[in-house]
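Residue numbers count from 1 along this sequence. Just follow the structure's listing: the first ligand is 1, and inside any ligand the first atom is 1. Just so it is clear, the model here is predicted, and its values are computed rather than measured.
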Amino acid sequence: MDLFKKLISRRTFIETTSKSVAITSAASAITLPFNTLAQPQKNESSEVVKHSACLVNCGSRCALKVIVKDDIIQRIEPEDAFDESTFGQHQIRPCLRGRSNKLRVYSPDRLKYPMVRVGKRGEGKFKRISWEEATKLIATKLTETRQKYGNESIYYIYQSGAYYHTQGTSAWKRMLNLTGGYLNYHNTYSTAQIRAAAPYTFGDYIGSHFTEVENSDLVVFFGLNLSETRMSGGGQVEELRRSLSKSKAKTIIIDPRYTDSVVTSDAEWLSIKPTSDAALVAGLVHTMITEGLIDEETINKYAIGFDQTTLPASANSNSSYKDYVLGTSDDKTVKDAKWAASVTGIPAKRITQLAREIATANACYIAQGWGPQRHQNGEASVRAIQTLSVIANQWGRPGTNAGVWPYATRYGVPSLPALSNPIKHSIPCYAFTTAIDKPEVMSDITHGVRGTEKLNTGIKLIINQAGNALINQHGDTGLTKKILEDDTKCEFIVVCDNHMTPSAKFADILLPETSYLEAADLVDNSYASGSNHFMIGMEPVIAPLWEVRSSYDICADIAEHLGVKQEYTEGRSQQQWIEHNYNIVRQKRPYLPPYNKESSVGLIDQRREAPENSVAFSAFWKDPGANPLKTPSGKIEIYSERLAILEQQWVLPEKDRIPVIPGFYPVEESHLDPEGLKKYPLQMIGFHTKGHTHSTYAQLPILKEAIPDEIWINPINADQRGIRNGDPVLVQNDRGKMQTRARVTPRVMPDVVAMPQGGWLHFNKAGIDIGGNINTLTNLKLSPLAKGNPQHTNLVDIVKA
Ligand SMILES: Nc1nc2c(c(=O)[nH]1)N[C@H]1C(S)=C(S)[C@@H](COP(=O)(O)OP(=O)(O)OC[C@H]3O[C@@H](n4cnc5c(=O)[nH]c(N)nc54)[C@H](O)[C@@H]3O)O[C@H]1N2
Ligand SMILES: Nc1nc2c(c(=O)[nH]1)N[C@H]1C(S)=C(S)[C@@H](COP(=O)(O)OP(=O)(O)OC[C@H]3O[C@@H](n4cnc5c(=O)[nH]c(N)nc54)[C@H](O)[C@@H]3O)O[C@H]1N2
Ligand code: SF4
Ligand SMILES: [Mo]
């Protein structure tokens, strides 16, 4: 019997899957005794405690205490807290996903051996080969591709599945950089629009830590759902929870959905039409101006473009934000609360009231999640929400923020140096399919290509490590599938993963990597633990199964075939790099004990950033002359001259805009697209569910049972279509058809539907995706400024299946 069958037949598995798990909210999910369900017959004497971590891209990073017996994982527990009562010393409790890692490791779809494609690309037919054959084939293909098309034709695709430090991305990039480099990408799927747009306003993308909420009396979140997207004691939900319990600030969450965060923060929900945040802001500012609630002198001290007195010389005289709001700009439309209500769906009275609340709060903490920006006009929404905090004078002081979602303080664990890439050309990551299919249309002014005016060649070889964005997480899967299937375009695809994912099926060669629990590493906290930061040592809790290997070793073998092994390893094993990295950390933190392979594991150290470093742009607030911002004017730019230049120079599709001030403009496939609505009357957004992290963990039956992927639809729209809760439904538009179940709920506003993203794509014979993958319906259009992924902007219709 092979190992998997032996494991699956164990009582532990059957017990786990046969019990239903009641998961109510994210806050309770952190304390849920999830793994007690999976407890096997105990024989304490032979159980050993090992240490690992969950390296998935959720922004948190949980240490895992793993109980092992006879080299088999029994269950997963949190590591002990240093001091539960003190934030920054508290317990980092893994969420339901991290605690189900046992099931991920022993999942029947694990990749076990290196394999090479035998059928048509995408068909998913492979045959087993040896590691020697696999690494040699990759080395040969890299050399051939380089000789035929140049290094620019080699692409290391966006991926975020495993944040290792001494294997994974840095290992692959190091190997590629030693042999001439590869085509770069810029942007991420997460933050394309906000990272591009936010610096035009404040010169930087920085927010105040949620610890500031201790000093707030009002908290206003736009599409920020920490209870699902920042779970566990390693995520910002814990920072917010502790701060809110101190300040008891009133919390308002603006989102098309009544999210778990609304529930757990005891917040007021304002339901908003997707893509319309900038209109809400304009309506709020209208009330603030007309009721004299704001201090215009202070605004003008710090910012340009609020009114005509601070416009740059190049600007039209009526192009200030105040002109836009009061209706004296070219569009001659007054953006009062009534107008904002007609665009956003929020009642005018509530908009007026909210304006008063924000403007008169002692300290209002305004932040946005990344849902509002993952839209076709996302850049304008980002800048509008920043502008709200500026105009309301709710920034720079304790208890305030600058309108964005803050990152974390990093503990500072180095990675294997990736070395520098000799190739400087870069494409926006969401345009990689275009760079395969029609590279000749891509340029700096059309597609935001960087480092060159035009690409010299299309992508001919892809390396996809710990990523499912080759298809599953990318847009328009039907079109993407067609592009990938054609192996005369992209000629060779390497996939390195743990599981036979939808992307893995498009591989020419498949490499099985260790899962987190089989790997040794030394890792940092991730980008969203807030002011809490820490370092975790990981050991292989079991011997790696089958023939899975670390990508550090895989790349060392490829480097050897390419004649650069010594440069790649510098004579170090992965374990020696771990020790080396630890010693670099210890130079800065001499209080750490000397490295010891056995004891430098688990949650090694945990700290909290000093409170005085928490408020974004506080130095500029205190003394703007001495601490100018990184914008061209040194001030906050509500009006951006640089954007005015871009809008002139770039070639934009007809309805795309790069507004110079952050005014609202309607986009295709929104509620203000009358033509589109005729055929597809429902706006569809995606969201990041607590059931999985993107596609990672999404195949585990116990998680599917606990938190099924279903499309949220309001009872009004369900009734119109004869759909009842739990009915199978077809969701469709011109790009494809997806089958899922309906969750009929007033937790989503009428005429908007919401689908968890990350379900595994599975086209049936009729070409319908029965895997519930939202990207069957999303669009490959690029957003105007960032050239990012507007994957939340879609129109669809739904019928009973
Ligand atoms: N459990 C879990 N956690 C995760 C992830 C995961 O997959 N699962 N993914 C991680 C990653 S990589 C990322 S990038 C982050 C993603 O974090 P976000 O991008 O913030 O997550 P989303 O769920 O896409 O969007 C947040 C909220 O915005 C709302 N929203 C959508 N459109 C609009 C709009 O136009 N206006 C307003 N006001 N709200 C809108 C959605 O309903 C949703 O509740 O989460 C991280 N955390
Ligand atoms: N429609 C829609 N699409 C979206 C989004 C959305 O909001 N809406 N969100 C986007 C966002 S924000 C992001 S960040 C992307 C995320 O997209 P991806 O970065 O592709 O994330 P995952 O889907 O989690 O895929 C990670 C892969 O890594 C693999 N993996 C995990 N651990 C290991 C390991 O140790 N070694 C190896 N080799 N592989 C491993 C997993 O099996 C999985 O296949 O998706 C984007 N796609
Ligand atoms: S998925 Fe995120 S919150 Fe959950 S255990 Fe892993 S790192 Fe922690
Ligand atoms: Mo992301």
Side-chain angles (χ1 to χ4, degrees), residues 26 30 53-62 64 92-99 101 104 111 157-162 164 167-168 188-191 221-225 228-235 253-257 259 261 270 272-277 280 368-375 378 381 385 405 464-470 472-475 495-499 501-504 511-516 518-519 526 528 551 685-699 748 752 754-758 773-775 777-778 789 791-794:
I30 27 182
C54 178
L55 304 189
V56 82
N57 176 15
C58 72
S60 309
R61 170 74 65 253
C62 297
L64 306 175
I92 298 169
R93 294 175 197 140
C95 77
L96 70 171
R97 304 182 296 277
R99 292 189 198 208
N101 255 299
R104 225 190 132 242
L111 300 177
I157 191 175
Y158 175 91
Q159 48 72 48
S160 73
Y164 290 110
Q167 63 187 70
T188 64
Y189 283 69
S190 316
T191 54
F221 288 159
F222 291 79
L224 181 62
N225 184 18
E228 276 192 278
T229 59
R230 292 297 182 248
M231 289 167 78
S232 103
I253 301 184
I254 301 156
D255 195 304
R257 299 184 306 127
T259 59
S261 297
L270 296 182
I272 187 166
K273 295 279 190 189
T275 72
S276 71
D277 298 80
L280 172 60
Q368 58 185 303
W370 298 334
Q373 56 102 51
R374 208 169 291 112
H375 278 291
S381 298
I385 297 165
W405 187 4
N464 178 38
Q465 191 270 161
N468 207 353
L470 191 62
N472 209 73
Q473 298 304 111
H474 192 54
V495 174
C496 174
D497 206 291
N498 300 145
H499 298 99
T501 64
S503 292
L511 308 176
E513 189 169 22
T514 49
S515 65
Y516 318 136
E518 297 156 298
S526 194
S551 45
I685 53 170
F687 67 94
H688 292 232
T689 163
K690 60 183 176 265
H692 34 91
T693 308
H694 311 294
S695 69
T696 306
Y697 297 113
Q699 82 274 41
V748 64
V752 177
M755 181 72 198
Q757 63 91 24
N773 181 292
I774 185 175
N775 286 318
L777 302 157
T778 59
N789 48 325
Q791 279 164 296
H792 288 345
T793 310
N794 312 285

If hydrogens are left out, which of [options] has an atom nearest to [atom], that is, the closest non-hydrogen atom?
atom	options	value
atom 43 (C) of ligand 2	Leu111, Val495, Asp497	Asp497
atom 36 (N) of ligand 2	Glu513, His692, Met755	Glu513
atom 17 (O) of ligand 2	Gln473, Arg104, Gln791	Gln473
atom 44 (O) of ligand 1	Leu270, Asp255, Leu280, Thr188	Asp255

Considering only the protein, which heavy-atom contact is closest to [atom], and what is its distance?
atom	result
atom 26 (C) of ligand 1	Gly223 O, 3.3 Å
atom 34 (C) of ligand 2	Asn498 OD1, 3.2 Å
atom 23 (O) of ligand 2	Ser695 OG, 2.5 Å
atom 9 (N) of ligand 1	His688 ND1, 2.9 Å

When you measure from the centre of the six-membered ring of Phe687, is the NZ or CZ of Arg374 under 6.0 Å away and within 45° of the axis? no
Minimum side-chain heavy-atom gap Arg104-Arg97 below 4.5 Å: no
Heavy-atom side-chain proximity of His688 to His694 below 4.5 angstrom: yes
Is any N or O atom of [X], backbone or side chain, closer than 3.5 Å to an N or O atom of ligand 2?
X	answer
Thr514	yes
Arg374	yes
Ser515	no
Asn468	yes
Asn775	yes

I need the contact type for [X] against ligand 1. Using non-hydrogen atoms and a strict under-4.0 Å cut-off, is it side chain, backbone, both or neither?
X	result
His375	side chain
Thr689	backbone
Ile685	side chain
Thr229	both
Tyr189	neither
Gln368	neither
His694	both

Tell me, please: is Asn472 in heavy-atom contact with ligand 2, that is, under 4.0 Å? no
Identified side chain to side chain donor-acceptor pair (under 3.5 Å) partner of Ser503 from the options Asn468, Asp497, Asn472: Asn468
Out of all atoms in ligand 1, which are within 4.0 Å of some heavy atom of Thr275? Include the element for each. 35 (O)
Suppose I only count heavy atoms of Gln757 and a 4.0 Å limit; which atoms of ligand 1 are within that range? 7 (O)
How many protein N, O or S atoms are found at a distance of less than 2.8 Å from atom 6 (Fe) of ligand 3? 1
May I ask you to check if ligand 1 and Pro274 share an N or O to N or O distance below 3.5 Å? no
Check this for me - ligand 1, Trp405, N or O atoms closer than 3.5 angstrom, yes or no? no
Heavy-atom contact check, 4.0 Å cutoff: does Ser160 meet ligand 1? no
